[in-house]
Amino acid sequence: MNLTLRIWRQAGPDAAGSMTTYRVGGISPDMSFLEMLDTLNEELIIRGDTPVAFDHDCREGICGACGMVINGQAHGPERTTTCQLHMRHFSDGDTIDIEPWRAAAFPVVRDLVVDRSAFDRIIGSGGYISAPTGSAPDAHATPVPKEAADTAFEHAECIGCGACVAACPNGSAMLFTSAKVVHLNVLPQGAPERNSRVRNMVAAMDAEGFGGCTNTGECATACPKGIPLPSIAAMNRAFLRSAAG
C-alpha cells in the first residue's frame with residue numbers, strides 16, 4: 001500500500017504547529033497503525049529528518065498510552081485503540097490525517113504526544129479505598145452482589161486513554177471520571193469514601209479545565225472499552241446524594 005499522511009508536527013508546547021505531508025510506501029495491510037508510523041519514522045531517520053513523536057507502550061490495547069485522532073475520529077475508524085487498528089481498514093492511495101488529542105486539559109508535548117496527567121490527578125483525588133493495616137482478610141470475607149461485581153468490572157475496563165475527551169465537542173472528561181467513580185462506589189469496599197470520592201473527583205475534574213457534559217454521547221461511541229453512557233448519570237446521582245447528605 002502507498003499512502004499520503006498529513007501529520008500534525010509541533011516541536012514543543014509553546015511552538016506553533018502545522019500539518020506536514022509525507023508519503024510512505026510498502027505498507028502491509030497486516031501492519032498495525034503504529035507499525036506504519038514506525039516505517040515512516042525509519043525513513044525519516046535515514047533521511048536525517050526528525051521522526052514523528054507519538055505515545056505508546058504495550059501495543060496490546062490495554063495501557064491506554066497510544067492515542068491520536070485519525071481522519072477526525074479518536075483512535076480511527078474502528079472501535080479499538082490506535083495500536084490495535086490495522087492498515088487493512090485503509091485502502092491503497094488513501095490520504096490519512098493524523099492529529100493529537102484536542103483538549104485544553106491535554107496540552108501538546110510534541111507532535112502527537114499530549115500530557116494526560118490531568119487524569120492522574122483526578123484519580124489521585126479519590127480513586128482509592130480504605131485499606132486497614134494488619135493481616136490480609138480471608139478470601140471472600142466481604143460478599144459482593146453479582147450485579148455490583150458486574151458493574152464494577154465493566155467500569156474498571158477504562159484504560160484512561162482519553163478518547164472520550166478527544167471525541168467530545170466540549171472536551172469533557174465525564175465518562176472517564178464516572179467510570180472511576182462508579183467502579184469503586186458500587187463495591188462495599190468503596191463505601192467509606194463513597195460521598196467524598198465523587199465530590200473530590202468531580203472537583204478535580206473541573207479544576208483541570210475539562211469542558212462540561214451536554215450528553216452528546218460521542219464519548220461512549222469512541223470509547224474502545226465500551227464504558228456505557230449511563231455511567232455519567234450514575235455519577236450525577238451519586239454527586240447529588242453526597243451533596244444532600
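If you're wondering where the values come from, they're calculated on a predicted model, not measured in any experiment. Residue numbers count from 1 along this sequence.
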**Q** Just verifying a value: how many Å separate D55 CG and L112 CG, rounded to the nearest 0.5 Å?
**A** 10.0 Å
**Q** Could you tell me if S130 and E193 have a donor-acceptor pair between their side chains, going purely by distance under 3.5 Å?
**A** yes
**Q** Membership question, hydrophobic clusters at under 4.5 Å side-chain separation (ILVMFWY): are V52 and L5 in the same one?
**A**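 The answer is yes; both residues are in one hydrophobic cluster.
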**Q** Are any non-hydrogen side-chain atoms of D30 and E35 less than 4.5 angstrom apart?
**A**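 Of all side-chain heavy-atom pairs linking E35 with D30, none is under 4.5 Å.
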**Q** Given side chains that start at C-beta, do those of V144 and V186 come closer than 4.5 Å, heavy atoms only?
**A** no
**Q** Would T95 and R6 satisfy side-chain contact (heavy atoms from CB on, under 4.5 Å), going step by step from the backbone distance to the final call?
**A** CA-CA 7 Å; T95 296; R6 299 200 313 156; 4.1 Å; yes
**Q** So, the side chain of K180 versus the backbone of G126: is there a donor-acceptor pair under 3.5 Å, distance only?
**A**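 The answer is no, because no donor-acceptor pair under 3.5 Å joins these two groups.
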**Q** Is it true that the side chains of R197 and N185 contain a donor and an acceptor less than 3.5 Å apart?
**A**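 A donor-acceptor contact under 3.5 Å links the two side chains.
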**Q** Measure across N2 and G25 and return the closest heavy-atom pair with its distance rounded to 0.1 Å.
**A**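 Heavy-atom minimum between the residues: OD1-CA, 3.2 Å.
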**Q** Compare every heavy atom of S231 with every heavy atom of H155, then report the nearest pair and how far apart it is.
**A**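 The answer is NE2-CB, 3.0 Å.
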**Q** What closest approach, in Å, do A152 and L187 show between heavy atoms, and which atom pair accounts for it?
**A**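 Minimum heavy-atom separation between A152 and L187: CB-CD2, 3.8 Å.
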**Q** One pair to check against side-chain contact (heavy atoms from CB on, under 4.5 Å): E208 and M205. What are the steps and the verdict?
**A** CA-CA 5 Å; E208 292 294 339; M205 175 187 69; over 6 Å; no
**Q** Taking the side chain as C-beta and beyond, is there a heavy-atom pair between V69 and W8 under 4.5 Å?
**A**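 The answer is no, as the side chains (C-beta and beyond) never meet within the 4.5 Å cut-off.
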**Q** Taking the six-membered ring for Trp and the full ring for Phe, Tyr or His, determine whether the centres of F33 and F54 are under 6.0 Å apart.
**A**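 For F33 and F54, the ring centres are not under 6.0 Å apart.
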**Q** Grab the two heavy atoms, one from M201 and one from G127, that are nearest each other, plus how far apart they are.
**A** SD-N, 3.9 Å
**Q** Counting distance only, does the side-chain N/O of R79 pair as donor-acceptor with the main-chain N or O of C223 below 3.5 Å?
**A**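 Confirmed, R79 side chain pairs with C223 backbone.
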**Q** Is it the case that the side chain of R199 and the backbone of S242 share a donor-acceptor pair, with hydrogens and angles ignored and the cut-off at 3.5 Å?
**A** yes
**Q** First locate atom CD of E157, then atom CD1 of I62, and finally report the distance between them rounded to the nearest 0.5 Å.
**A** 12.0 Å
**Q** Output, in order, the C-alpha distance, side-chain angles, deciding distance and verdict of salt bridge (charged side-chain N to carboxylate O under 4.0 Å, His left out) for D38 and R59.
**A** CA-CA 12 Å; D38 289 338; R59 298 199 179 207; 2.8 Å; yes
**Q** Checking side-chain polar atoms at under 3.5 Å, does S117 have a donor or acceptor matched by the opposite partner on R121?
**A** yes
**Q** Show your reasoning for whether side-chain contact (heavy atoms from CB on, under 4.5 Å) applies to M68 and E99.
**A** CA-CA 6 Å; M68 54 194 75; E99 302 170 84; over 6 Å; no
**Q** Between W101 and A167, is there a donor-acceptor pair closer than 3.5 Å when you use the side chain of the first and the backbone of the second?
**A** no
**Q** Indicate yes or no: at least one non-hydrogen side-chain atom of F90 is less than 4.5 angstrom from one of N71.
**A**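 Yes, close enough: below the 4.5 Å cut-off.
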**Q** Is the side chain of N200 donor-acceptor paired with the backbone N or O of S196 at a distance under 3.5 Å, no angle test?
**A** yes
**Q** Counting only heavy atoms not in R88, do more than 12 sit closer than 6.0 Å to its CZ atom?
**A**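 Above 12, so yes.
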**Q** In this structure, would I7 and M87 fall into the same cluster of hydrophobic residues linked by side-chain contacts under 4.5 Å?
**A** yes
**Q** Determine whether a donor-acceptor pair (N or O, by modelled atom type, separation under 3.5 Å) exists between the side chain of S172 and the backbone of C168.
**A** no
**Q** Using a 4.5 Å cut-off on heavy atoms from C-beta on, say whether the side chain of L229 contacts that of C219.
**A**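 They are in contact (side-chain heavy atoms under 4.5 Å apart), so the answer is yes.
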**Q** Between F176 and V198, is there a shared hydrophobic cluster once you connect ILVMFWY residues whose side-chain heavy atoms come closer than 4.5 Å?
**A** yes
**Q** OG1/T151 to CD/E147 distance, rounded to the nearest 0.5 angstrom?
**A**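 Result: 5.5 Å between the selected atoms.
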**Q** Specify the closest pair of heavy atoms between P51 and R110, including all atoms of both residues, with the distance to one decimal.
**A**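 Shortest heavy-atom contact: O-NH2, 3.4 Å.
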**Q** Does any N or O in the side chain of Q10 come within less than 3.5 Å of the main-chain N or O of G12, such that one atom is a donor and the other an acceptor?
**A**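 Yes: the side chain of Q10 pairs with the backbone of G12.
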**Q** When you measure from the side chain of N170 to the backbone of G212, do you find a donor-acceptor pair of N or O atoms at a distance under 3.5 Å?
**A** yes
**Q** Transitively linked via ILVMFWY side-chain contacts under 4.5 Å: I70 with I159?
**A** no
**Q** Give a yes-or-no answer on whether the side chains of H75 and T82 include a donor-acceptor pair shorter than 3.5 Å.
**A** yes
**Q** I want to check something: taking the side chain as every heavy atom from C-beta on, are I129 and R194 in contact at a cut-off of under 4.5 Å?
**A**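 No, too far: nothing below the 4.5 Å cut-off.
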**Q** Of D94, L40, L3, which is the lone residue that meets side chain to side chain contact (heavy atoms under 4.5 Å, CB included) with I27?
**A**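 Option passing the side chain to side chain contact (heavy atoms under 4.5 Å, CB included) with I27: L3.
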**Q** Verify, without hydrogens or angle tests, whether D111 (side chain) and A53 (backbone) share a donor-acceptor contact under 3.5 angstrom.
**A** yes
**Q** Measuring only between side-chain heavy atoms, which start at C-beta, is V113 closer than 4.5 Å to V108?
**A** no
**Q** So, do M31 and H86 sit near enough that their side-chain heavy atoms are less than 4.5 Å apart?
**A**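 SC-SC contact between M31 and H86 ruled out.
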**Q** About how many Å separate OG1 of T81 and CG of L85, when rounded to the nearest 0.5 Å?
**A** 8.5 Å
**Q** Identify the two heavy atoms, one from R23 and one from E43, that lie closest to each other, and give their separation to 0.1 Å.
**A**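 Nearest pair, atom of R23 first, then E43: O-OE1, 4.0 Å.
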**Q** Could you see if M19 belongs to whatever hydrophobic cluster contains Y22? Use Ile, Leu, Val, Met, Phe, Trp, Tyr and a side-chain cutoff under 4.5 Å.
**A**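 In one cluster with M19: Y22, yes.
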